[in-house]
Protein chains: 2
Amino acid sequence: MPARGKATIRDVACRAGVSAATVSRVLSNHGPVSEDVRMRVQQAINALGYRPNRIARSFRTQRSNFIGLIISDVENPFYTSLVRAVEDTAYAQGYSLLLCNSDEDVEKERAYIQFMADERVAGVIGSPASEQETSFAPLFDAGIPVVSVDRRSLRTPVDTVLLDNLASARDLTRYLIARGHRRIAAILPNVSITSGRERLAGFVQAMQEAGLPVDPALICEGKGFEAFGMQAMHYLLGLSDPPTAIFAGNNLITLGVLKALQEHGLRMAEDIDVAGHDEMPWMSLLAKPIIVAAQPIREMGQRAMDLLLARMNGDAQPPREVKLPPRLVVHQLNATAKAAACGEARR
Amino acid sequence: MPARGKATIRDVACRAGVSAATVSRVLSNHGPVSEDVRMRVQQAINALGYRPNRIARSFRTQRSNFIGLIISDVENPFYTSLVRAVEDTAYAQGYSLLLCNSDEDVEKERAYIQFMADERVAGVIGSPASEQETSFAPLFDAGIPVVSVDRRSLRTPVDTVLLDNLASARDLTRYLIARGHRRIAAILPNVSITSGRERLAGFVQAMQEAGLPVDPALICEGKGFEAFGMQAMHYLLGLSDPPTAIFAGNNLITLGVLKALQEHGLRMAEDIDVAGHDEMPWMSLLAKPIIVAAQPIREMGQRAMDLLLARMNGDAQPPREVKLPPRLVVHQLNATAKAAACGEARR
DNA sequence: CCTTCTACTGATAACGATTTCAGCCCATGC
DNA sequence: GCATGGGCTGAAATCGTTATCAGTAGAAGG
């Protein structure tokens, strides 16, 4: 008798006095098995401490039970929450998570996509490093479904879950305008990604509908990291006629903006309003109020997994796009966060 | 001819006019192959766009190329950074990351450990939910090496990478004492995990060596989450003789403490000093200074992977323990972070 | 009673790589 | 010239599961 825990399906079959095929049927609940046999097999499984060899199973079916998740960086709290949401949903369905950080690097991303294809994962959820350049082709070829989150993939269209970026940017900007600001700067991630492009459009729309000029000198675009936000803010503060409010295009940029304001001294910071994206746990601790468009991140992850599961079950409709509404939240010192009075995003 | 990208090792062999065994030898760089043949095989591989079937490979070798990572929660910034460090090191060595959140739940963790064993991962890095209860036995039985990070596993001893918790807690407490505080409270995660137990010990040690009484009413212990930190802080503020300084036992507790202080009003917050663990990117934005013991998280992840890789390569020494020193940092408004003047941790 | 189902079961053939073993060829040493 | 050995190669077994196909037994229907 094999050592406990090392038994194969044949050992179980032998002990139960049936064939391996029957044990497989019991295991997968697929195909008819008499109650009597089913019980004998179960007993044999328990007695031997048998655990199916998942690698052999994957080998036979040529499909693994992993969901590949390709994001920019787990250290970005937005993606962290996304990972968590996806993980919970995935494990609930019997899948586990293969994690990759692309670092916004199209080359690195390409390698990971190829890797996922080689690994025959059951599905992939990704946030493309570039709308134009990212290609999911290797996954398509292998018949592996893909869902894009937070950003579109134009080169290889797939199901996509997005924030309503136009609404969030427009409403945040409207909020700043309603507070009396006229010179508003925008610091945005690259327009080569969906959020950068759409949030710029929302900003411009709000400015124009209020009849305010859009000063190109007040629009900064770059890699959406903290360092860029900081550097852009320093540049803006150095202008002869600096803006009185900032629209920050993502969470890291917001952090950079706040730090730059900090470095310039508290007095100045109080004169400048900041609007950003994503609610973060420390925002209620800030010395000055800030308004943010909170993304329904958990829901985004769940919806992405739902779309993926549908595809994995054979759904073959043309690619769909899910657009979720943001929720505007003002974080104020000595006050619990409250939904913004105006500019609540509509669907 | 098979479709491009779907070729098997036999297709390659056929096209190169050699046997599958030879192709395998070329692929793995294992065993002698003449230069001539090697080139022909390479050409065939390129021509067919052949990619080895990783599942088949894992099946044959009964070992996958995944590193299992079992942590409490990716949304905790400490683990987020750890994930990132482990991931970078793992991918550099040709391994990829399987991520699980145990949520400090021993049962959930048990299931994940079993899953990793079933999956025949190459190695596991974990942060045990409990020193006493967590068991890595299923992994041992399967010959899978394990490294524990941030916490010890007493039931099944393994290589372990820890912060020098005694030093960090002692030095933080010393710092508070040096600033003139006499009534200092400690809010700590459960003593059933390593960090909780050792940080309590460090706190007590510093108090005793300063000849200060350790008031049991000022020591709060519980689940190391934000909600607990907040609730404990509210309790302390409600005492007739509240403490003048707080020693917070982990990063989430620190956040909870700060929020509770916030809710009680800024004036009070200014009278109370806070010392915590982990440096977080937003700390420089705080209205009041805070001192923290920064953990060398990236190094912890790297060291863990190094230990794991050594085991995977057959190292069979008795379990080792790596203890890394913290770095004390004061975050002050309008000032870049600076190393604390006193209490710098020693090795 | 014979046919036709249906329910159940077993034998067997994959899946695609690695590994073992044996064999061949040629150079070297005696 | 013959044995020895090393470099190179191929045939075949193997890993553990699932899927296909055929076969058996008993029930149902005519």
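A, B, ... follow the sequence lines: proteins, then strands. Residue 1 opens every chain.
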Checking contacts here: which listed nucleotide ([options]) is nearest the side-chain heavy atoms of [X]?
{"X": "T8(A)", "options": "dT9(D), dG16(C), dG16(D)", "value": "dG16(D)"}
{"X": "P32(B)", "options": "dC8(D), dC8(C), dG16(C)", "value": "dC8(D)"}
{"X": "A21(A)", "options": "dG10(C), dA13(D), dC8(C)", "value": "dG10(C)"}

Distance, nearest 0.5 Å, that separates CG of L82(B) from OG of S72(B):
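These two atoms lie 11.5 Å from each other.
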What distance do I125(A) atom CD1 and L97(A) atom CG have between them, rounded to the nearest 0.5 Å?
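Output value for this atom pair is 8.0 Å.
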Tabulated below should be each protein N or O lying under 3.5 Å from an N or O of nucleotides 24-27 of chain D; please produce it.
none

Closer than 4.0 Å, any side-chain N/O of S19(B) to the OP1 or OP2 of dG10(D)?
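Yes, within the criterion.
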Any N/O donor-acceptor pair, [X] side-chain to [N] base, under 3.5 Å:
{"X": "R10(A)", "N": "dT17(D)", "value": "yes"}
{"X": "R57(A)", "N": "dT18(D)", "value": "no"}
{"X": "R60(B)", "N": "dT18(C)", "value": "yes"}

Quiz question: by atom type and distance under 3.5 Å, do the side chains of E119(B) and N65(A) form a donor-acceptor pair?
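N65(A) and E119(B) do not have a side-chain donor-acceptor pair below 3.5 Å.
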Between Y79(B) and S127(B), do the side chains contain an N or O donor and an N or O acceptor separated by less than 3.5 Å?
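Y79(B) vs S127(B): donor-acceptor pair found between side chains.
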Could you give the side-chain donor-acceptor pairs of residues 131-139 of chain A under 3.5 Å, partners two or more places apart or in another chain?
from: E131(A); atom 1: OE1; to: R197(A); atom 2: NE; distance (Å): 3.1
from: E131(A); atom 1: OE1; to: R197(A); atom 2: NH2; distance (Å): 2.9
from: E131(A); atom 1: OE2; to: T194(A); atom 2: N; distance (Å): 3.4
from: E131(A); atom 1: OE2; to: T194(A); atom 2: OG1; distance (Å): 2.5
from: E131(A); atom 1: OE2; to: R197(A); atom 2: NH2; distance (Å): 2.6
from: T134(A); atom 1: OG1; to: E109(A); atom 2: OE1; distance (Å): 2.6
from: T134(A); atom 1: OG1; to: A129(A); atom 2: N; distance (Å): 3.3
from: T134(A); atom 1: OG1; to: S130(A); atom 2: N; distance (Å): 3.1
from: T134(A); atom 1: OG1; to: S130(A); atom 2: O; distance (Å): 3.1
from: S135(A); atom 1: OG; to: A137(A); atom 2: N; distance (Å): 3.1

Pick base, sugar-phosphate or nothing for [X], based on heavy-atom distances below 4.0 Å to the nucleic acid.
{"X": "S24(B)", "result": "base"}
{"X": "R54(B)", "result": "nothing"}
{"X": "V18(A)", "result": "sugar-phosphate"}

Could you tell me how far apart D118(B) (CG) and dT17(D) (C1') are, to the nearest whole angstrom?
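Interatomic distance, CG of D118(B) to C1' of dT17(D): 14 Å.
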Can you tell me how far P of dA7(C) sits from CZ of R25(A), to the nearest Å?
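Result: 14 Å.
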So for the helix from dC1(C)-dG30(D) to dC30(C)-dG1(D), with five pairs setting each end axis, what is the inter-axis angle to 10°?
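What I find for the helix from dC1(C)-dG30(D) to dC30(C)-dG1(D) is an axis angle of 50°.
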Donor-acceptor pair, side chain of R54(A) and main chain of D118(B), under 3.5 angstrom
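Not a single qualifying donor-acceptor pair exists.
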